[in-house]
**Student:** 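Below is one structure. I have some questions about it.
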Amino acid sequence: QVQLVESGGGSVQAGGSLRLSCEASGLTLSGEYVAWFRQAPGKEREYVARASGSGLNKYYVDSVKGRFTISRDNAKNAVYLQMNSLKPEDTAVYYCAAVGFGVVWTTYKYWGRGTQVTVSS
């Protein structure tokens with residue numbers, strides 16, 4: 001049984017930082033695309049960042065470029081999202097996804113349950 005478990009969410013003030021983690025079991029992430037998405041109340045699930053199987057190629061939505069960094073540790077079977085200079089508009093539930101491609105959430109096969117990030121002004 002495949003499980004992705006996110007952690008690291010919380011409440012911070014604008015300008016603060018958080019580091020999200022996603023640990024996988026039942027699935028080897030090495031060689032698979034992994035991604036982070038987010039969903040704010042009343043909004044569609046939004047692509048945030050993705051990394052190729054090797055981790056060499058990383059892509060971001062424009063709104064987080066220069067502030068967020070996706071990384072992966074294939075030895076630990078984990079993916080991370082370092083979020084700096086957080087803004088209130090970053091407030092959302094953040095989801096880890098694996099085995100998919102691109103920016104459309106429906107292309108990803110496996111999902112975590114999400115972790116809440118709240119940024120206050």
**Student:** When you group the ILVMFWY residues by side-chain heavy-atom contacts below 4.5 Å and let the links chain together, are Leu29 and Val2 in the same group?
**Tutor:**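 Yes; Leu29 is reachable from Val2 via cluster members.
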
**Student:** Counting neighbours of CD on Gln39 that are heavy atoms of other residues, nucleotides or ligands and sit closer than 6.0 Å, is the number greater than 12?
**Tutor:**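 Yes, enclosed.
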
**Student:** Checking side chain to side chain contact (heavy atoms under 4.5 Å, CB included) for the pair Glu6/Leu20: CA distance, chi angles, key distance, verdict?
**Tutor:** CA-CA 7 Å; Glu6 302 96 336; Leu20 306 183; over 6 Å; no

**Student:** One pair to check against side chain to side chain contact (heavy atoms under 4.5 Å, CB included): Leu81 and Thr69. What are the steps and the verdict?
**Tutor:** CA-CA 6 Å; Leu81 186 68; Thr69 302; over 6 Å; no

**Student:** Is a side-chain N or O of Tyr47 found less than 3.5 angstrom from the main chain of Ala35, in a donor-acceptor match?
**Tutor:**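 No; judged by distance alone, with no hydrogens or angles, the pair does not exist.
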
**Student:** Which pairs, with at least one residue in residues 78-104 and sequence neighbours excluded, count as a ring pair (Phe, Tyr, Trp, His ring centres under 6.0 Å)?
**Tutor:**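 Listed once each, the pairs are Tyr33-Phe101.
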
**Student:** Check for a donor-acceptor pair, side chain of Asn74 on one end and backbone N or O of Ser54 on the other, with a separation under 3.5 Å.
**Tutor:** no

**Student:** Mind checking whether Val104 and Val64 sit in one hydrophobic cluster, side chains of I, L, V, M, F, W, Y counted as touching below 4.5 Å?
**Tutor:**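 Per the 4.5 Å side-chain linkage, Val104 and Val64 are co-clustered.
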
**Student:** Less than 6.0 Å separating the ring centroids of Phe37 and Trp111?
**Tutor:** yes

**Student:** Can you list everything that forms a salt bridge (charged side-chain N to carboxylate O under 4.0 Å, His left out) with Glu46? Sequence neighbours excluded, please.
**Tutor:** Arg38

**Student:** Considering only heavy atoms from C-beta outward, does the side chain of Gln116 approach that of Thr91 to under 4.5 Å?
**Tutor:**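 The answer is yes, as the side chains (C-beta and beyond) meet within the 4.5 Å cut-off.
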
**Student:** Taking Gly9's backbone N and O only, do any of them form a donor-acceptor pair with Thr115's side chain (distance below 3.5 Å, no angle check)?
**Tutor:**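 Checking the backbone N and O of Gly9 against the side chain of Thr115, a donor-acceptor pair under 3.5 Å is found.
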
**Student:** Tell me if a side-chain donor or acceptor on Asp90 pairs with a main-chain N or O of Lys87 at a distance below 3.5 Å.
**Tutor:** yes

**Student:** Considering only heavy atoms from C-beta outward, does the side chain of Ser71 approach that of Gln82 to under 4.5 Å?
**Tutor:** no

**Student:** Give a yes or no on whether the backbone of Asn57 and the side-chain of Ser52 come within a donor-acceptor separation of less than 3.5 Å.
**Tutor:** yes

**Student:** What are the two closest non-hydrogen atoms of Ser121 and Ala14, and how far apart are they?
**Tutor:**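 Answer, listing the atom of Ser121 first, then Ala14: CA-CB, 4.3 Å.
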
**Student:** Do the side chain of Asn77 and the main chain of Thr28 share a donor and acceptor less than 3.5 angstrom apart?
**Tutor:**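 Not at all, since once roles are kept as given, no pair shorter than 3.5 Å links the two residues.
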
**Student:** Look only at the side chain of Tyr108 and the backbone of Cys96, and say whether a donor-acceptor pair between them is shorter than 3.5 Å.
**Tutor:** no

**Student:** Are any of the side-chain heavy atoms of Val103 and Val61 separated by less than 4.5 Å?
**Tutor:** no

**Student:** Backbone N or O of Lys76 within a donor-acceptor pair of the Asp73 side chain at under 3.5 Å?
**Tutor:**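 Side chain of Asp73 to backbone of Lys76: a pair is present.
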
**Student:** Taking NZ in Lys58 as the centre, count heavy atoms belonging to other residues, nucleotides or ligands within less than 6.0 Å. Is the count above 12?
**Tutor:** yes

**Student:** Where is the tightest heavy-atom contact between Ser85 and Arg67, given as atom of each residue plus distance?
**Tutor:**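 Smallest interatomic distance, heavy atoms only, reads O-NH1, 2.9 Å.
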
**Student:** Is any side-chain heavy atom of Phe68 closer than 4.5 Å to a side-chain heavy atom of Asn84?
**Tutor:**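 SC-SC contact between Phe68 and Asn84 ruled out.
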
**Student:** Does the pair Glu23 and Leu4 meet the rule for a side chain to side chain contact (heavy atoms under 4.5 Å, CB included), with working shown?
**Tutor:** CA-CA 6 Å; Glu23 297 186 358; Leu4 300 178; over 6 Å; no

**Student:** Checking Lys65 now: which residues fulfil salt bridge (charged side-chain N to carboxylate O under 4.0 Å, His left out) with it, not counting sequence neighbours?
**Tutor:** Asp62

**Student:** Give a yes or no answer on whether the side chain of Arg50 reaches the backbone of Val34 with a donor-acceptor pair at less than 3.5 Å.
**Tutor:** no

**Student:** Atom CZ in Arg72, atom OG in Ser30: separation rounded to 0.5 Å?
**Tutor:**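 One gets 6.5 Å once the value is rounded to the nearest 0.5 Å.
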
